[in-house]
**Student:** 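Please see the structure below; I have some questions.
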Amino acid sequence: MTSATNPSLEDIITGAIPGMPKVVVHNQVLAYEVGDDYAQAWYDAEKGLLDPFVLIIEGSLGNERINGDGHWTGFAYDKTTKQPITVNEWIDRLSPQASAVVAIGTCATYGGIPAMKNNPTGAMGVRDYLGWGWKSKAGIPIVNIPGCPAQPDNMTEMLMHLVFALAGMAPVPELDEAGRPTSLFGRTAHESCNRAAFYEQGNFATEYGSDHRCLVKLGCKGPVVKCNVPLRGWQSGVGGCPNVGGICMACTMPGFPDKYMPFMDEDPNAKLSSNLAKFSYGPILRWGRGQSIKRKFDKEPDWRHNRPELTTGYAKRW
Ligand code: SF4
Ligand code: SF4
């Protein structure tokens, strides 16, 4: 999130965005306070001393019902028992009072890599824990901002939007069935990728490198992945995944990673459609467009010349 620019975290914290209510960020990576001083905000929120607040969760939640003698996670400690407070318990304590709960990253949204098959913790996302129908006291469902990691501006933009929504200055973000904001995740990576025309023309890269053609034969999962990174870039419009030569491995998806593995193999469904493009209409489209460019569009109109007559078609009217 520290690499976000639209808006930047500093814009949010310093109030550089016109009309935006004041925001105080409590994040252990950025905070000046350490230890108990840092945890105080959490205890204050629990007592109702911080209101309103937005609870943001990163990382998957272990199933603490199967934690044996220990804990899968822990943050701060219970003043009475002196035992660590698990993240699950913090969610139990704070979610009833939060104006909104946001899950950031694919681990917090859907479980992600820690929730892969054969994992020992029974890891899950925040909606799996609180329930997919859960709503905050302000009536807002859990907002999922997936991605592994989440795209920087997707985080800050959506958090800014939520603050404006909670202040009654913007509509509540529309979410899809997977809890993702449709403004960010309404399109597939493929629908946003600058290589999609190569796919349409049946023109595919055969090895990694500087080849600028579509990567589907190398394992790109973009056609079945909701993500705006190919369109938005990674930071300030620069970088990304399939748009800059790395296959999309579906890191924003609830089915990630198991349902998309092995990553470097061609997706069976994409194989059918890409072979159709490759062996039927693709080459015809490519040839036809190439011919049009060569014969027509790569040439200037013939009235652009330095001869002593005007041939643009201009007719004098008076
Ligand atoms: S590289 Fe991937 S996302 Fe881009 S056009 Fe090809 S299949 Fe689609
Ligand atoms: S394009 Fe694919 S791999 Fe890249 S961030 Fe989006 S979902 Fe993840």
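First listed ligand is number 1; within each ligand, the first listed atom is number 1. If you're wondering where the values come from, they're calculated on a predicted model, not measured in any experiment.
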**Student:** Do K217 and S274 pair up side chain to side chain, a donor and an acceptor below 3.5 Å, judged on atom types alone?
**Tutor:**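 Note: K217 and S274 side chains meet the donor-acceptor criterion.
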**Student:** Strictly by modelled atom types, are Y260 and D265 linked by a side-chain donor-acceptor pair under 3.5 Å?
**Tutor:**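 Y260 vs D265: no donor-acceptor pair found between side chains.
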**Student:** Distance to 0.1 Å, residue and atom name: give those for the protein heavy atom nearest to atom 2 (Fe) of ligand 1.
**Tutor:**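 Nearest protein contact, heavy atoms only, for atom 2 (Fe) of ligand 1 is C220 SG, 2.3 Å.
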**Student:** At what distance is the nearest protein heavy atom to atom 1 (S) of ligand 1, and which residue and atom is it?
**Tutor:**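 So the nearest neighbour among protein heavy atoms is L215 N, 3.3 Å.
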**Student:** Short list, please: which atoms of ligand 1 are under 4.0 Å from a heavy atom of V216?
**Tutor:**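 Close to V216: 7 (S).
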**Student:** How are the rings of F256 and F263 set to each other: parallel, tilted or perpendicular (split at 30° and 60°)?
**Tutor:**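 Ring orientation, 0 to 90° scale: parallel.
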**Student:** Do we see a donor-acceptor contact under 3.5 Å between the side chains of N203 and R213?
**Tutor:**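 Yes, side-chain donor-acceptor contact under 3.5 Å.
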**Student:** For atom 8 (Fe) of ligand 1, does an N/O/S atom of C214 lie at less than 2.8 Å?
**Tutor:**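 No, C214 does not qualify, because none of its backbone or side-chain N, O or S atoms lies under 2.8 Å.
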**Student:** With heavy-atom distances below 4.0 Å as the criterion, list the atoms of ligand 1 near P223.
**Tutor:**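 Near P223, the atoms of ligand 1 are 7 (S).
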**Student:** Any atoms of ligand 1 less than 4.0 Å from a non-hydrogen atom of R195? List them with their elements.
**Tutor:**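 Once the distances to R195 are compared, the set is 1 (S), 4 (Fe), 5 (S).
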**Student:** Should I12 and T156 count as side-chain neighbours, where that means a heavy-atom distance under 4.5 Å?
**Tutor:**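 In contact.
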**Student:** Can N154 and R232 be counted as having a side-chain donor-acceptor contact under 3.5 angstrom?
**Tutor:**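 Distance-only check passes for N154 and R232.
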**Student:** Could you check if a side-chain atom of V229 sits within less than 4.5 angstrom of a side-chain atom of C241, using non-hydrogen atoms only?
**Tutor:**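 Yes, at least one pair of side-chain atoms sits under 4.5 Å.
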**Student:** Find, among atoms of H190 that are N, O or S, the one nearest to atom 8 (Fe) of ligand 1, and state its name.
**Tutor:**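 Atom 8 (Fe) of ligand 1 is closest to the H190 atom ND1, counting only N, O or S.
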**Student:** Would you say NZ of K137 has more than 12 non-hydrogen atoms from neighbouring residues, nucleotides or ligands within 6.0 angstrom?
**Tutor:**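 Yes - once you tally the heavy atoms of other residues, nucleotides and ligands closer than 6.0 Å, there are more than 12.
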**Student:** Taking 2.8 Å as the distance threshold, tell me the number of protein N/O/S atoms next to atom 2 (Fe) of ligand 2.
**Tutor:**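 That number is 1, waters not included.
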**Student:** Going by the angle between their ring planes, with limits at 30° and 60°, are W132 and Y110 parallel, tilted or perpendicular?
**Tutor:**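 The rings of W132 and Y110 lie parallel, inter-plane angle below 30°.
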**Student:** Check whether the side chains of T86 and N88 place a donor and an acceptor atom closer than 3.5 Å, and report yes or no.
**Tutor:**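 No donor-acceptor contact under 3.5 Å links the two side chains.
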**Student:** Just need the protein heavy atom nearest to atom 4 (Fe) of ligand 1, so name the residue and atom and give the distance.
**Tutor:**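 Minimum-distance protein heavy atom for atom 4 (Fe) of ligand 1 reads C193 SG, 2.4 Å.
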**Student:** Report, in ascending order of atom number, the atoms of ligand 1 lying under 4.0 Å from any heavy atom of A196.
**Tutor:**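 Atoms satisfying the 4.0 Å criterion: 5 (S).
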